[in-house]
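Keep in mind that what you see is a predicted model, and the values were worked out from it rather than measured. Positions are given from 1 along the sequence.
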Amino acid sequence: MDRPDNKIARIRELTELLNRASKAYYAEDREIMDNFAYDKLYSELEALEQETGISLSNSPTVKVGYEAVEELPKARHEKAMLSLGKTKSREDLKEWLEDQTALLSWKLDGLTVVLTYLGGELIKAVTRGNGEVGEVVTNNARTFCNIPLSIPYQSELVVRGEAVISYSDFERINAKMEEEARYKNPRNLCSGAVRQLNNEITAQRNVQFYAYSLVKAEDMDFHNSREEQFLFLHRQGVEVVPYRMVEKDTVVEAVDTFEQEVETYDIPSDGLVLLLNDISYGQSLGTTAKFPRDSIAFKWKDEVRETVLKEIEWSPSRTGLINPVAIFEPVELEGTTVSRASVHNISILKGLKLGIGDRITVYKANMIIPQIAENLTESGNVEIPETCPVCGGRTEVRQVNEVQSLYCANPSCEAKKIKSFTLFVSRDAMNIDGLSEATLEKFIAKGYIHEYADLFHLEQYKEEIIEMEGFGEKSFQNLMDSMETARDTTLPRLVYSLGIANIGLANAKMICRYYRDDLQAMLAADAEELSAIDGVGEVIATSFCEYFQNEENRKRFQRLLTEVRIAKEEINEENETLSGMAFVVTGNLNHYDSRKELKEAIEKKGGKVTGSVTSKTTCLINNDIASSSSKNKKAKELQVPILTEEQFMEQYLNEMILRSGEELK
């Protein structure tokens with residue numbers, strides 16, 4: 001696939017770099033470039049935008065105003081939008097293609113949006129709606145992070161594409177939300193973001209747009225080629241869905257390649273689309289009542305098994321949320337035996353009309369997560385418990401964003417305690433070995449521990465503990481040694497260990513770093529001050545403040561502080577040489593004991609480590625540069641550098657490697 005020309009690539013590069021510099025200067029009180037360098041690059045960007053006629057929506061030369069509306073207006077599509085015919089057979093694709101060439105691309109799983117440009121400016125954006133009438137979302141589309149607001153082509157241009165939110169952005173956004181308000185998948189989040197009444201919220205969602213069809217471009221000769229249309233859109237600065245040119249003999253191999261990439265592809269996809277390259281021939285085929293005949297969708301073939309629902313297990317969490325889990329007769333799926341699947345919430349439970357003894361079909365979503373596909377008998381006899389399965393306290397159904405979930409209303413529920421203690425002793429929190437959830441449950445039941453500080457005084461129960469099953473003198477001493485080691489910790493770990501709603505370890509690090517580990521200043525901050533911290537936001541800030549505004553929580557925290565020794569992290573902004581950079585680590589390491597250790601080294605210098613390679617990745621760290629892994633392929637496709645561990649250390653950490661095999665300096 002041809003890439004955009006160098007000028008468009010440079011526009012994207014300058015836009016990202018200048019935005020990063022502005023954010024550092026205005027929001028983080030630091031500089032990554034001086035004014036002279038900034039002005040020089042800004043002038044270069046202005047000149048390129050003027051020369052090419054392309055201005056991206058997030059360009060620093062463009063100011064997108066935020067606007068709230070009472071409702072989204074409707075608009076009729078110039079050309080009705082049909083669905084696609086579907087198949088799950090590779091052989092069907094070969095037969096369908098016959099002797100033609102075609103474009104095989106991702107079938108992205110988001111929200112279809114139609115963009116209209118006139119006089120080189122974006123004038124309208126409309127959702128698919130029912131295929132004939134959609135909702136006007138022009139102001140929202142102006143905040144999509146990668147679309148051009150102005151293009152060099154001056155006549156009317158109409159293009160269809162998919163608005164999407166990446167998996168990595170989905171996880172980041174969901175982590176900031178209350179547990180019961182979180183979205184089930186990126187598509188739902190994207191749909192809500194695009195159809196917002198306030199486009200300031202849309203802007204925060206990092207929505208991307210990928211074109212898959214050019215509907216109208218007057219007075220243009222594309223030499224009867226769909227690929228020429230895609231290349232034309234590239235030249236306008238419009239990103240096109242990634243594709244491969246295929247023929248009958250190569251289509252199956254291309255499908256296999258896409259399938260290898262799907263598990264690590266950061267943009268949600270629910271299949272592929274095969275589109276005939278010959279425009280005239282494709283149009284001559286016409287349409288059915290529902291489908292165009294010049295294209296067809298290929299859906300991944302889920303392995304579906306029928307089984308019998310045995311019970312619904314109600315699983316409490318430390319927040320009080322009680323999750324329904326379906327337990328069914330074991331079946332083989334994608335090479336493993338599965339016997340349980342989360343039902344997520346009460347709304348889904350009711351929608352499936354689940355009943356004990358029902359015949360259900362199950363599959364693995366994206367070939368990974370077990371899910372119920374269908375309930376074949378729909379008896380609906382499952383009763384929602386009125387009491388918590390752990391403490392026996394009253395339960396209540398709460399509704400958030402039209403989703404019903406079950407909660408335990410007892411603030412002293414033992415399940416909340418057990419789950420909270422389990423998080424407290426976990427590896428990323430206080431890292432206390434020898435305290436499994438089962439052991440913690442026994443200690444709580446016997447009254448040995450009531451709050452976190454009690455864990456550091458278990459020696460008073462030595463005689464009773466060494467008599468417990470699974471314990472003895474040696475295991476008890478190992479536990480005491482682990483407890484003593486855990487007394488030396490960092491403030492981010494301590495904050496994370498408290499189990500404050502919506503606050504993970506990364507959020508705790510952001511907050512603590514912002515306040516330079518000044519605990520008193522951090523506890524005195526209000527929600528407005530906290531929410532201004534980059535990466536925190538209103539939900540996390542509110543959760544943090546509400547936790548420490550609770551008098552009992554503050555007392556328990558003060559007692560905990562008397563038991564630990566907090567090592568203050570020395571933060572020197574001059575050493576934050578990786579600020580604003582994102583890295584992906586894969587494969588085995590030679591100089592670091594684990595990926596986690598390398599991740600911590602990167603974070604100490606202000607960088608971050610993500611799980612997927614995207615266009616924003618600074619580099620992929622992989623000692624096997626020549627491998628054909630999906631991450632390597634993705635990095636090459638996006639022109640992201642692939643560095644060995646040693647190359648990364650020398651280039652980014654300024655650590656020299658002694659080739660003689662000696663220790664690192």
### Task
If a pair satisfies side chain to side chain donor-acceptor pair (under 3.5 Å) and one of its residues is in residues 147-158, list it, with sequence neighbours excluded.
Ser55-Ser150, Glu156-Lys216

#### Entry: Ser269 and Asp109: side chain donor to acceptor below 3.5 Å
no

### Summary
side chain to side chain contact (heavy atoms under 4.5 Å, CB included) with Val246: of Thr101, Leu103, Leu93, Val251, only one passes, and it is Val251

### Task
Check whether more than 12 heavy atoms from other residues, nucleotides or ligands sit under 6.0 Å from atom CD of Gln204, and answer yes or no.
yes

### Task
Provide the closest heavy-atom pair for Phe170 versus Ile165 in the form atom of the first, atom of the second, distance.
N-CG2, 3.9 Å

### Task
Please determine, by modelled atom types, if Asp169 and Ser166 share a side-chain donor-acceptor pair under 3.5 angstrom.
yes

### Query
Do Leu84 and Pro292 come within less than 4.5 Å of each other through their side chains, counting heavy atoms only?
yes

### Message
Tell me the closest heavy-atom pair linking Ile642 and Ala635, and the distance in Å.
### Response
CG1-CB, 3.8 Å

### Task
Go through the side-chain N and O atoms of Glu162 and Thr112 and say whether any donor and acceptor fall under 3.5 Å apart.
yes

### Query
Looking at side-chain heavy atoms only, is the closest gap between Ser59 and Glu49 below 4.5 Å?
yes

#### Entry: side-chain contact (heavy atoms from CB on, under 4.5 Å) evaluation trace for Leu620 with Thr586
CA-CA 8 Å; Leu620 169 65; Thr586 189; 3.8 Å; yes

### Message
On a heavy-atom basis, which atom in Gln196 and which in Ile201 lie closest, and how many Å separate them?
### Response
OE1-CD1, 3.5 Å

### Task
Answer yes or no: is there a donor N or O on one side and an acceptor on the other, between the side chain of Thr202 and the main chain of Ala193, under 3.5 Å?
yes

### Task
May I ask you to check whether over 12 heavy atoms, not counting those of Lys7, lie within 6.0 Å of atom NZ?
no

### Query
Closest heavy-atom contact between Leu276 and Arg226?
O-CG, 3.1 Å

### Query
Within the side chain of Ser342, is there an N or O that forms a donor-acceptor pair under 3.5 Å with the backbone of His344?
yes

### Query
Should Asn206 and Arg172 be marked as a side-chain contact (heavy atoms from CB on, under 4.5 Å) after you check the CA-CA gap, both sets of side-chain angles, and the distance that decides it?
CA-CA 11 Å; Asn206 207 31; Arg172 173 183 60 82; 4.1 Å; yes

### Query
Going by distance alone, is a donor N or O of one side chain under 3.5 Å from an acceptor N or O of the other, for Gln208 and Asn146?
no

### Query
What residue pairs, at least two apart or across chains, pass ring-ring contact (aromatic ring centres under 6.0 Å, His included) with a residue in residues 103-143?
Trp106-Phe258, Trp106-Tyr265

### Task
Could you tell me whether Glu261 and Lys631 make a salt bridge, using a distance below 4.0 angstrom between a side-chain N and a carboxylate O?
no

### Query
Can Ser405 and Asn345 be counted as having a side-chain donor-acceptor contact under 3.5 angstrom?
no

### Message
Can you list everything that forms a salt bridge (Lys or Arg N to Asp or Glu O under 4.0 Å) with Asp266? Sequence neighbours excluded, please.
### Response
none

### Query
Of all residues at least two apart in sequence or in a different chain, which pass the salt bridge (Lys or Arg N to Asp or Glu O under 4.0 Å) check with Glu121?
none

### Message
I'd like to know if the side chain of Ser105 and the backbone of Pro242 have a donor-acceptor N/O pair within less than 3.5 Å.
### Response
no

### Stepwise side-chain contact (heavy atoms from CB on, under 4.5 Å) check, Val136 with Leu72
CA-CA 6 Å; Val136 178; Leu72 295 172; over 6 Å; no

### Message
Using a 3.5 Å distance criterion without hydrogens, assess whether the side chain of Asp270 forms a donor-acceptor pair with backbone atoms of Lys299.
### Response
no

### Task
Please determine which of Val240, Asn277, Val238 meets the side chain to side chain contact (heavy atoms under 4.5 Å, CB included) test together with Phe230.
Val240

### Query
Has the side chain of His223 got a donor or acceptor atom that lies under 3.5 Å from a matching backbone atom of Glu228?
no

### Query
Any donor and acceptor pair, going by atom type alone, linking the side chain of Thr250 with main-chain N or O of Glu247 inside 3.5 Å?
yes

### Query
For the side chain of Arg195 and the backbone of Val137, is there at least one donor-acceptor N/O pair under 3.5 Å apart?
no

### Query
Are the aromatic ring centres of Phe583 and Phe648 under 6.0 angstrom apart?
yes

### Message
Are there over 12 heavy-atom neighbours, none belonging to Lys599, within less than 6.0 Å of that residue's NZ?
### Response
no

### Task
Ignoring hydrogens and angles, tell me if any N or O in the side chain of Asn19 forms a donor-acceptor pair with the backbone of Thr15 under 3.5 Å.
yes

### Query
Are there more than 12 heavy atoms of other residues, nucleotides or ligands under 6.0 Å from atom NZ of Lys74?
yes

### Query
When you measure from the side chain of Ser531 to the backbone N and O of Glu528, does any donor-acceptor pair fall under 3.5 Å?
yes

### Task
For Asp256, enumerate each residue passing the side chain to side chain donor-acceptor pair (under 3.5 Å) test, keeping only those at least two apart in sequence or located in another chain.
Arg90

### Task
Verify the distance criterion only: is there a donor paired with an acceptor across the side chains of Gln647 and Tyr652 at less than 3.5 Å?
no

### Message
According to ring pair (Phe, Tyr, Trp, His ring centres under 6.0 Å), who are the partners of Phe544, at least two apart in sequence or on a separate chain?
### Response
Phe548

### Query
To the nearest 0.5 Å, what is the distance between CZ (Arg293) and CG (Leu82)?
11.0 Å

### Task
Give the minimum heavy-atom separation between Ala141 and Ile147, together with the two atoms involved.
O-CD1, 3.0 Å

### Short side-chain donor-acceptor distance under 3.5 Å, Tyr42 and Glu44
no

### Task
Without swapping roles, check the side chain of Thr143 against the backbone of Asn140 for a donor-acceptor pair under 3.5 Å.
yes

### Task
Supply the atom-to-atom distance Leu274 CG to Leu272 CG, rounded to the nearest 0.5 angstrom.
9.0 Å

### Task
Show your working on side-chain contact (heavy atoms from CB on, under 4.5 Å) between Leu275 and Asp294 and close with a plain yes or no.
CA-CA 6 Å; Leu275 171 66; Asp294 67 346; 4.0 Å; yes

### Query
Considering all heavy atoms of both residues, which atom of Thr116 and which atom of Leu122 are nearest to each other, and what is their separation?
O-CD1, 3.6 Å

